[in-house]
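Just the heavy atoms: all of them, side chains too, but no hydrogens, waters or symmetry mates, feed the values below.
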Amino acid sequence: MDLTLNADQKDLRAALRDRLADLWTPDRLRAASETSSFDRDAWKALAETGVFAITLPEADGGMGLGTADAVILFEELGRAQVPGPVTGTFLAAGLVPGAAEGDAVVTLLDTRDAMSVIEHPGAATHLVVIDDDGLFLLPVPRAEPAALPLDPLTPVARVSVRAEDGERIGSAEDAARWRLLGAVLTASLQVGAAQGALDLAVRYAKERMQFDRVIGSFQAVKHLLAESLVRTDLARAAVLVAALVADDPASGDLREAASTAKLLADEAAAHGGRTGIQVHGGMGFTWEVLAHLYLKRAWVQETVFGTAGDHAEHLAAAF
């Protein structure tokens with residue numbers, strides 16, 4: 001299985017990275033984190049890059065590419081800390097009108113979750129409930145977002161809905177596949193968060209002077225950054241393997257590949273976030289430095305599409 005990106009995939013990644021650098025500057029992220037607001041213009045601009053429609057057939061306005069291409073883009077979304085229910089909207093493209101074009105903002109609720117929580121309740125235009133019996137489309141219930149969300153860029157709210165009250169838009173098999181693809185895509189976002197935190201920490205380590213030397217020259221700092229790099233690269237490889245299995249089911253067990261990817265990516269993101277804050281020292285605990293956003297986003301994404309315990313139990317049972 002070749003995990004090397006081809007020229008087209010590298011160009012795709014570079015184009016999105018440049019676009020996101022314009023859309024989500026550090027100042028814009030800070031402003032959004034202070035108000036937990038949702039920028040619909042930025043969401044529409046994101047959709048225009050083709051992120052949500054990348055796997056749709058060209059006849060339906062998509063790019064006709066595979067999950068392996070999608071996770072490359074999702075890593076960039078995680079690296080840039082893009083706010084919004086990107087996974088839900090991506091999965092709903094082609095099923096919910098306007099999702100692919102950015103006119104719809106689709107949030108998700110999985111009936112298997114211990115708590116009925118949705119993200120971006122004030123911005124979402126549609127709610128899809130993932131149930132063992134299928135996928136159900138419902139209007140977004142009125143709910144007050146949590147006053148202090150863990151991730152200031154991801155407001156959440158508890159809701160009370162019943163799947164059977166919605167319109168069925170997918171079968172039980174579709175729901176099962178959404179859960180697996182959702183885990184793979186979220187794992188890719190986590191790899192992006194890990195890489196973003198690492199990039200930020202490395203940049204600071206090259207600039208911060210202590211005892212007349214940049215702190216990046218200290219062995220203890222090098223070890224922290226090197227371990228974060230290894231975890232991130234390992235998780236990225238696992239995500240790409242899972243994506244390739246999703247595109248070619250005969251090549252492996254998608255359930256095992258998705259669990260492996262999510263488990264490794266969650267660990268990489270949380271470790272990378274903590275490392276980023278530690279390398280920044282006292283600055284890392286300040287609101288102005290973006291290091292805290294990577295760790296908080298990692299903690300939030302650890303809870304969706306299966307916890308570490310869920311995926312570890314599945315892998316243990318498989319062995």
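V140 places none of its side-chain heavy atoms less than 4.5 Å from the side chain of T125. The shortest distance between side-chain heavy atoms of Q301 and D151 does not fall below 4.5 Å. Using a 4.5 Å cut-off on side-chain heavy atoms (C-beta onward), F52 and L46 make contact. Counting heavy atoms from C-beta on, the side chains of R112 and D310 never come closer than 4.5 Å. V239 places none of its side-chain heavy atoms less than 4.5 Å from the side chain of Q190. Side-chain atoms of R19 and D22, non-hydrogen and from C-beta on, do get closer than 4.5 Å to each other. The side-chain heavy atoms of T275 and E227, taken from C-beta on, include no pair separated by under 4.5 Å.
Here W178 pairs with nothing under the ring-ring contact (aromatic ring centres under 6.0 Å, His included) rule; sequence neighbours left out.
Heavy-atom minimum distance, F305 versus K262: O-CE, 4.2 Å. Of all the heavy atoms in D103 and K44, the pair that sits closest is OD1-NZ, 2.7 Å. When all heavy atoms of D8 and N6 are compared, the pair lying nearest together is N-OD1, 3.1 Å. Here the shortest heavy-atom pairing between P141 and V161 reads CG-CG1, 3.7 Å. When all heavy atoms are compared, the tightest approach of P152 to K296 is CD-CD, 3.9 Å. Contact between R79 and D199 at its shortest, heavy atoms only, is NE-OD2, 3.0 Å.
Ring-plane geometry between F38 and H120 is classed as perpendicular, the angle between the planes exceeding 60 degrees on a 0 to 90 degree scale with a lower cut at 30.
A salt bridge links D27 to R30: at least one charged side-chain nitrogen sits closer than 4.0 Å to a carboxylate oxygen.
Annotation: cation-pi geometry satisfied between R28 and W24 (NZ/CZ under 6.0 angstrom from ring centroid, within 45° of ring axis).
Results of the side chain to side chain donor-acceptor pair (under 3.5 Å) test with T67 over T55, D248, D247 single out D247 as the only residue that passes.
Within 6.0 Å of CD in Q278 there are 12 or fewer heavy atoms belonging to other residues, nucleotides or ligands. Under a cut-off of 6.0 angstrom, the local environment of CZ in R158 is sparse, with at most 12 non-hydrogen atoms contributed by other residues, nucleotides or ligands.
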Could you pull out every donor-acceptor pair under 3.5 Å between side chains of residues 80-94 and any protein atom, sequence neighbours left out?
residue, atom, partner, partner atom, Å
Q81, NE2, G78, O, 3.1
T89, OG1, P85, O, 3.0
T89, OG1, V106, N, 3.1

